[in-house]
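Please read the structure below before turning to the comments.
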Amino acid sequence: MTRDTVPAPVQPPDPAPVPQQPAVGAGLTVAIGQGAVQGAARSITARLVDKFLTHPPDWLRTLWHALPKPWE
């Protein structure tokens, strides 16, 4: 064989990357965390609304009476 007829070396193609699967339960902790935050926010809001509607503090009562009421 002469130099002109020697085939160039061929590199094998890179193997296709193996798709990574998420860890078991990875999204579950996020869903639980968001549900807990939403539940806590609802609980706190319900407590505050209940407290202020059943026994409003004096400053809130004063503020309410000081507001202009166009419907009256």
Side-chain angles (χ1 to χ4, degrees):
M1 281 183 125
T2 63
R3 263 187 200 198
D4 296 334
T5 58
V6 175
V10 177
Q11 287 185 331
D14 291 334
V18 177
Q20 297 290 325
Q21 294 183 356
V24 175
L28 185 61
T29 56
V30 172
I32 290 172
Q34 288 176 345
V37 169
Q38 289 175 350
R42 286 184 185 148
S43 176
I44 290 169
T45 304
R47 284 183 182 176
L48 289 174
V49 167
D50 185 45
K51 178 181 178 180
F52 285 124
L53 287 180
T54 56
H55 303 292
D58 291 336
W59 63 265
L60 185 59
R61 191 173 293 128
T62 304
L63 179 65
W64 174 254
H65 291 298
L67 288 175
K69 296 175 185 75
W71 58 86
E72 290 182 350

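Starting from 1, each residue takes its place in the sequence as its number.
Atom CG of Asp58 and atom CG of Leu63 lie 12.5 Å apart (nearest 0.5 Å).
Using a 4.0 Å cut-off between charged nitrogen and carboxylate oxygen, Asp50 and Arg47 do not count as a salt-bridge pair.
Nearest heavy atoms, Pro70 versus Pro68: CD-O, 3.4 Å.
Judged purely by atom type and a 3.5 angstrom limit, Lys69 uses its side chain to pair as donor or acceptor with the backbone of Trp64.
When the side-chain contact (heavy atoms from CB on, under 4.5 Å) test is applied to Leu60, the partners found at least two apart in sequence or on another chain are Phe52, Pro56, Pro57. Under the rule for a salt bridge (Lys or Arg N to Asp or Glu O under 4.0 Å), Arg42 has no partner lying at least two apart in sequence or in another chain.
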